[in-house]
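The next block holds one structure in the form of structure tokens; read it before the comments.
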Amino acid sequence: MTKVVIEPGVCGFLSRVSAESEDQMEVVVKVKSGCESVRNMMKELGDTFDAYELCLQKPGVGPLYTYAQEHFPVHAACPVLNGILKCVEAECKLALKQDASIRFED
């Protein structure tokens with residue numbers, strides 16, 4: 001099982017994600033989030049995905065982004081969807097586990 005914590009910034013809606021896969025193709029994704037939009041997305045889409053359909057897409061494409069385009073408030077910089085995908089990638093051996101961050105500099 002792979003787990004990540006996503007701290008999205010000023011909204012403060014922390015998200016905790018876990019991904020688990022036995023065959024590195026089908027993956028079960030669990031998301032606990034302070035964001036109502038993220039919670040609704042996971043409730044509607046379910047928790048079981050094809051890892052390749054989810055992760056091996058061009059940026060902004062795939063089931064999570066398709067849902068977000070229709071239902072999320074206007075906030076293109078939200079890092080939660082990317083964080084979910086990074087968790088799945090690592091669990092399914094599509095990428096190595098490596099922290100990512102965005103930092104502001106003065």
Side-chain angles (χ1 to χ4, degrees):
M1 178 182 300
T2 302
K3 297 178 182 180
V4 300
V5 176
I6 305 159
E7 297 178 17
V10 73
C11 72
F13 293 141
L14 185 79
S15 294
R16 294 183 182 278
V17 180
S18 67
E20 189 166 16
S21 178
E22 293 182 14
D23 62 5
Q24 299 174 353
M25 295 176 73
E26 183 177 86
V27 61
V28 176
V29 179
K30 303 287 187 186
V31 179
K32 293 182 181 179
S33 180
C35 177
E36 182 179 7
S37 295
V38 171
R39 290 192 312 269
N40 289 339
M41 175 181 70
M42 297 310 296
K43 183 177 179 181
E44 189 166 326
L45 295 180
D47 65 1
T48 305
F49 299 92
D50 178 307
Y52 288 67
E53 179 185 353
L54 202 61
C55 297
L56 298 181
Q57 301 281 350
K58 292 186 182 234
V61 178
L64 302 184
Y65 285 106
T66 298
Y67 180 91
Q69 288 170 0
E70 294 179 24
H71 302 285
F72 272 30
V74 180
H75 186 50
C78 176
V80 175
L81 298 180
N82 185 257
I84 294 168
L85 297 177
K86 296 291 278 180
C87 186
V88 171
E89 282 182 337
E91 175 64 18
C92 295
K93 310 295 189 254
L94 298 173
L96 297 174
K97 290 181 182 181
Q98 179 67 45
D99 289 347
S101 67
I102 300 169
R103 282 192 272 281
F104 288 94
E105 294 182 343
D106 290 330

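Values below: every heavy atom of this structure, side chains too, minus hydrogens, waters and symmetry copies.
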Any heavy-atom pair between the side chains of [Y] and [X] that's under 4.5 Å?
X	Y	value
Ser37	Pro73	yes
Asp47	Lys30	yes
Tyr65	Leu85	yes
Glu44	Tyr67	yes
Lys86	Asn82	yes
Phe72	Val38	yes
Leu64	Met41	yes

message: Can you confirm whether Arg39 is buried at CZ, in the sense that more than 12 heavy atoms of other residues, nucleotides or ligands lie under 6.0 Å from that atom?
response: yes
- prompt: Counting only heavy atoms not in Gln24, do more than 12 sit closer than 6.0 Å to its CD atom?
  reply: yes
Donor-acceptor pair, [X] side chain versus [Y] backbone, under 3.5 Å?
X	Y	value
Ser21	Cys92	no
Glu91	Thr2	yes
Gln69	Gly60	yes

If you look at every heavy atom in [X] and [Y], which pair is closest and at what distance?
X	Y	value
Phe13	Gly34	CD2-O, 3.3 Å
Asp50	Glu53	OD1-N, 2.9 Å
Glu7	Leu14	CG-CD1, 3.4 Å
Val17	Val29	CG1-CG1, 4.1 Å
Ala51	Leu94	O-CD1, 4.1 Å
Pro8	Pro79	CA-CG, 3.6 Å

- prompt: Are Ile84 and Leu45 linked, directly or through other ILVMFWY residues, by side chains that come within less than 4.5 angstrom of each other?
  reply: yes
